[in-house]
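The structure appears below as structure tokens.
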Amino acid sequence: MKLYNTLTRTVEPVKPLRAPQVTVYTCGPTVYDYAHIGHWFNYVRMDTLIRALKLDGLEPKWVMNITDVGHLVSDADEGEDKLEKGARREGKTAWEVAEFYTQDFLKDMHLLNILEPDHIVKATDHIAEQIALIQKLESKGYTYVIDDGVYYDTSKFEGYAAFARLDLDDLQAGARVAFNEQKRNSSDFALWKFSPKDHKRDMEWDSPWGKGFPGWHIECSAMSMKYLGDTIDIHTGGIDHIPVHHTNEIAQSEAATGKRFANVWMHSNHVMVNGEKISKSLGNGIRLQEIVEQGISPEAVRLHVLESHYRSHAKFSLESLRASQASLKNIRNDFSWIYQPAVVPVSKSEERSRELVEQFASYKQLIKAAIINDLATPEAMRLLHECAGRFATTPASMDDAPIVDDFAAFIQDALGIHITDRDELKDELKQLIAEREQARANKDWAKSDELRDKLAADGIGVRDTPSGAIWYRL
RNA sequence: GGCGCCUUGGCGGAGUGGUUACGCAGAGGUCUGCAAAACCUCGUACACCGGUUCAAUUCCGGUAGGCGCCUCCA
């Protein structure tokens with residue numbers, strides 16, 4: 001498995017510390033609002049990474065966090081907690097807001113066929129671990145307390161700017177936000193924030209420094225150490241996290257343990273809509289549910305994500321999503337006939353079977369090679385189309401269906417998309433197909449076309465052959 | 001202001017110093033009751049200007065346009 005490592009800015013082999021186990025930590029969502037398509041590109045790509053590691057014979061141990069407290073609206077450390085703000089907006093408690101959007105996130109995650117992480121961990125369930133980590137940093141002299149909280153002194157961590165290749169002097173000179181005057185360095189960040197004097201927070205805990213809540217960055221360090229150890233193999237997240245969140249995670253973690261925090265940092269690039277990145281302020285972040293309401297399936301969304309490389313700036317539009325949906329339909333159509341014996345009058349041939357076995361084995365090999373090479377999913381998709389096309393144009397016996405099953409299972413594991421439908425159709429749909437066949441036999445074309453439209457409305461396409469109709473999912 | 005990135009055919013999107021992926025859409029043809037199915041054929045794109053080279057979309061320099069980060073962000 002080769003991956004582009006942000007730490008070294010090169011593509012390099014992944015070398016797990018305790019192979020075959022490979023530990024992966026993914027920065028998950030802040031659950032104060034709905035996830036949008038940009039998030040889903042990110043998580044589908046991370047899921048693809050996990051699948052690729054498995055394909056390569058490794059055993060990923062995957063942890064994803066849910067940020068349900070502490071993520072401030074502004075990093076000036078004077079902003080409001082996003083969860084508390086969301087609560088005010090919706091007239092709920094911060095706890096209710098977090099629960100609602102967490103459930104919504106998990107629901108969409110399943111729709112997109114994203115594998116279940118081994119642990120999905122919430123920041124609010126790990127307050128003690130975060131406090132303990134802050135205490136450790138305190139005992140080593142990395143912290144200081146000011147009016148509104150406990151802060152990390154970034155000047156004490158040598159090489160703070162190295163990961164993101166920041167020029168701290170220039171950052172300061174060009175900064176557009178007002179800094180907290182009490183901070184020793186502009187890049188210092190809060191480890192623990194004190195509850196405000198003027199109102200009561202929904203979420204707050206006692207700590208050695210006073211009542212309050214953890215800063216945003218400390219949760220990832222504390223939870224990844226708890227579940228995956230001091231050093232993890234691969235840490236992933238959005239590309240935007242490089243300069244602040246991940247830089248701070250490294251500073252905290254490595255200061256506390258004295259060890260390397262993550263060996264490989266993998267970052268997913270942003271998705272663009274109309275030439276701009278997706279953001280709340282632009283209001284261009286379409287939700288998965290809204291896409292589905294446009295008649296596009298979650299699997300088409302998934303396939304669309306795979307059609308671009310995770311490090312490129314993908315452009316997003318409903319038009320390109322529809323193209324992916326059509327593409328998925330065509331792939332399924334290419335494989336559909338093997339399961340419908342009534343209309344495939346080809347007798348079994350040992351030679352043909354052997355040929356198919358070899359052909360599919362070869363494509364499996366090629367697709368795997370593409371995926372484990374820094375997740376070259378566009379190449380994998382090219383190969384899948386090529387394979388489907390070859391299969392569609394050379395007859396095979398129904399007896400060879402298990403060969404296709406095997407390939408379909410491989411694609412399901414590797415890419416998370418279904419390319420075959422072995423499931424029986426519902427009786428009423430079968431009935432419609434039969435009725436249409438009858439209408440065609442009677443040359444009742446009007447009725448035949450009407451039935452075809454009806455089937456299409458149920459997501460079923462039909463294809464007429466000399467020996468009958470084959471159906472496939474649209 | 002500082003740092004960095006991008007520019008590929010109608011759309012999306014790979015890739016490469018010399019045979020110009022792939023998908024969707026589109027065109028023509030075959031077949032078909034029809035085609036919205038299937039099959040066959042078809043696109044010489046790589047911002048612009050120079051340079052290096054036998055050869056550049058691919059390397060170097062510049063120009064234009066766009067974008068990202070330095071604020072919250074996947």
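Just so you know, these numbers come straight off a predicted model, no measurement behind them. Lettering follows sequence order; numbering is per chain, from 1.
The nearest whole Å value for the distance from the CG atom in A:L375 to the P atom in B:rA14 is 13 Å. Distance A:K82 NZ to B:rC72 P: 9 Å, rounded to the nearest Å. Atoms NE2 (A:H309) and P (B:rC6) sit 13 Å apart, rounded to a whole Å. In this structure, CG of A:L451 is placed 15 Å from C1' of B:rC34, rounded to the nearest angstrom. Between the NE2 atom of A:H235 and the P atom of B:rA74 there is a distance of 13 Å, rounded to whole Å. At whole-Å resolution of the value, CH2 in A:W445 and C1' in B:rA37 are 14 Å apart. Residue A:L383 contributes atom CG, which lies 15 Å from atom C1' of B:rG13 at whole-angstrom precision. When the P atom of B:rG23 is taken as reference, atom NZ of A:K329 falls 14 Å away, rounded to whole Å.
Rounded to whole Å, the P atom of B:rG4 lies 29 Å from the corresponding atom of B:rC46. Using C1' as the reference atom, B:rG62 and B:rU52 are 15 Å apart when rounded to the nearest Å. If you take atom C1' in B:rG9 and the same atom in B:rA25, they sit 12 Å apart, rounded to whole Å. Straight-line distance between the C1' atoms of B:rA21 and B:rG28: roughly 24 Å, to the nearest whole Å. Rounded to whole Å, the C1' atom of B:rA55 lies 29 Å from the corresponding atom of B:rG65. B:rG18 and B:rG12 have their P atoms separated by 26 Å, with the value rounded to a whole Å. Separation of the C1' atoms belonging to B:rA45 and B:rU16 is 15 Å when rounded to the nearest angstrom. When the C1' atom is used for both B:rG13 and B:rC24, the distance is 11 Å, rounded to whole Å.
Evaluation of atom-type donor-acceptor distances gives no pair under 3.5 Å for the side chain of A:R45 against the base of B:rA74. Residue A:N330 places no side-chain atom within donor-acceptor reach of the base of B:rG23, judged by atom type and a 3.5 Å distance cut-off alone. Side chain A:S312 to base B:rG13: no donor-acceptor pair is found below 3.5 Å.
Looking at heavy-atom distances under 4.0 Å, A:N333 makes contact with sugar-phosphate atoms alone, never a base. Base contact: A:G38 has a heavy atom under 4.0 Å from a base atom. Residue contacts shown for A:H241 are limited to sugar-phosphate atoms, with no base heavy atom under 4.0 Å away. Counting any heavy atom pair closer than 4.0 Å across all strands shown, A:E379 reaches no nucleic acid atom. Using a 4.0 Å heavy-atom distance criterion, A:H385 is classed as a sugar-phosphate-only contact. Here A:H245 lies out of heavy-atom contact (under 4.0 Å) with every strand. Within 4.0 Å (heavy atoms only), A:M272 reaches sugar-phosphate atoms of the nucleic acid but no base atom. Among the heavy atoms of the strands lying under 4.0 Å from A:A314 are primed sugar atoms or P, OP1, OP2 only; no base atom is included. Residue A:K315 is in sugar-phosphate contact alone, with no base atom involved, counting any heavy-atom pair closer than 4.0 Å across all strands shown.
Taking the ring centre of A:Y227 as origin, the terminal cationic atom of A:K61 falls outside the region bounded by 6.0 Å and 45° from the ring axis. For the pair A:R9 and A:Y4, the cation-pi test (distance below 6.0 Å, angle within 45°) is failed.
Within the 4.5 Å cutoff, no side-chain heavy atoms of A:V121 are placed close to those of A:I66.
In the set B:rG33, B:rC39, B:rA35, the nucleotide with an atom closest to the side chain of A:R440 is B:rG33. The side chain of A:H36 approaches B:rA74 more closely than any other nucleotide in the set B:rA36, B:rA74, B:rG12. Of the candidate nucleotides B:rG13, B:rA74, B:rG33, B:rG33 has the atom lying nearest to any side-chain atom of A:S448. Side-chain proximity of A:W216 to the nucleotides B:rC70, B:rA38, B:rC72 is greatest for B:rC72. The nucleotide whose nearest atom lies closest to any side-chain atom of A:S320 is, among B:rG12, B:rA14, B:rG33, B:rG12. When the nucleotides B:rA74, B:rC34, B:rG23 are ranked by their closest atom to the side chain of A:Y43, B:rA74 comes out on top. Candidate nucleotides B:rG23, B:rC34, B:rA74 were compared by shortest atom distance to the side chain of A:D449, and B:rC34 ranks first. Across B:rA74, B:rC24, B:rA37, the shortest atom-to-atom separation from the side chain of A:R463 is found for B:rA37. If you check B:rG33, B:rA14, B:rA74 against the side chain of A:S308, the one that comes closest is B:rA14. When each of B:rG23, B:rA36, B:rA74 is scored by its nearest atom to the side-chain atoms of A:H39, the top-ranked nucleotide is B:rA74.
Remark: the backbone N or O of A:H126 is paired with a side-chain donor or acceptor of A:Q130 at under 3.5 angstrom. No donor-acceptor pair closer than 3.5 Å links the side chain of A:S327 to the backbone N or O of A:A323.
Aromatic pair A:H267/A:H246: centroids less than 6.0 angstrom apart. A centroid separation of less than 6.0 Å is found between the aromatic rings of A:W40 and A:F105.
Residues A:E307 and A:T377 bring no donor and acceptor atom of their side chains to less than 3.5 Å of each other. Counting only N and O atoms by type, the side chains of A:E249 and A:S221 include no donor and acceptor under 3.5 Å apart. Side-chain contact check for A:S312 and A:N269: no donor-acceptor pair (N or O, by modelled atom type) lies under 3.5 Å.
For the pair A:E319 and A:H313, nearest-nucleotide mapping onto RNA chain B gives the more 5' position to A:E319. The 5' end of RNA chain B is approached more closely, in terms of each residue's nearest nucleotide, by A:R382 than by the other of A:A392 and A:R382.
In RNA chain B, runs of at least 3 consecutive Watson-Crick or G-U pairs, each pair with both distances below 3.5 Å, span B:1-7 with B:64-70, B:10-12 with B:22-24, B:26-30 with B:38-42, B:47-51 with B:59-63.
Scored by the side-chain hydrogen bond (donor to acceptor under 3.5 Å, both in side chains) test, A:N333 finds A:R463 as partners (sequence neighbours excluded).
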